[in-house]
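Residue numbers start at 1 and run along the sequence shown.
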Amino acid sequence: MYKCIKGFCLEICDDDGFTIEGESMVVKEGSEWHIPSDKDFRLIDGEVRLENNENWIEISKERFEKCFAVIF
């Protein structure tokens with residue numbers, strides 16, 4: 001599990017990988033995420049895919065290392 005230690009904003013993509021114009025989401029500091037068991041699956045070519053009970057995100061490895069910390 002990983003905890004967001006620095007919040008940020010991302011554009012929202014639908015389940016087909018297309019950006020939803022004008023839509024964004026905030027990844028809140030303190031939110032908890034996990035890397036799915038199928039860690040090689042990517043929908044929008046992000047380097048790291050994270051999921052929680054409500055959302056999924058794909059981000060660069062650089063942003064992952066900067067904004068997330070291992071909690072267990």
Checklist line | Donor-acceptor pair, side chain of His34 and main chain of Met1, under 3.5 angstrom | finding: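 Checked: no pair found.
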
Check: Do the side chain of Asp16 and the main chain of Phe18 share a donor and acceptor less than 3.5 angstrom apart?
Finding: no

Notebook entry, point to check: Under a single-linkage definition using a 4.5 Å side-chain heavy-atom cutoff for Ile, Leu, Val, Met, Phe, Trp and Tyr, are Ile5 and Ile35 assigned to the same hydrophobic cluster?
Noted result: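 Each belongs to a different hydrophobic cluster.
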
Next item on the list: Indicate if Ile12 and Leu10 have the same hydrophobic cluster label, given that clusters are the connected sets of ILVMFWY residues with side-chain heavy-atom separations under 4.5 angstrom.
Entry: yes

[X] vs [Y] side-chain heavy atoms within contact, under 4.5 Å:
X	Y	result
Met25	Cys9	no
Val70	Tyr2	yes
Ile57	Phe64	no
Glu32	Ile71	yes
Glu29	Lys6	no
Phe68	Val48	no
Trp56	Arg49	yes

State the [atom1]-[atom2] distance between [X] and [Y], to the nearest 0.5 angstrom.
X	Y	atom1	atom2	answer
Cys67	Lys3	SG	NZ	15.0 Å
Glu47	Ile59	CD	CD1	9.5 Å
Lys28	Cys4	NZ	SG	11.0 Å

Notebook entry, point to check: Do Glu65 and Arg63 sit within salt-bridge range, that is, some charged N less than 4.0 Å from a carboxylate O?
Noted result: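 Here Glu65 does not pair with Arg63 in a salt bridge, since their nearest N and O are not under 4.0 Å apart.
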
Check: Is it the case that more than 12 heavy atoms not belonging to Glu11 sit under 6.0 Å from its CD atom?
Finding: no

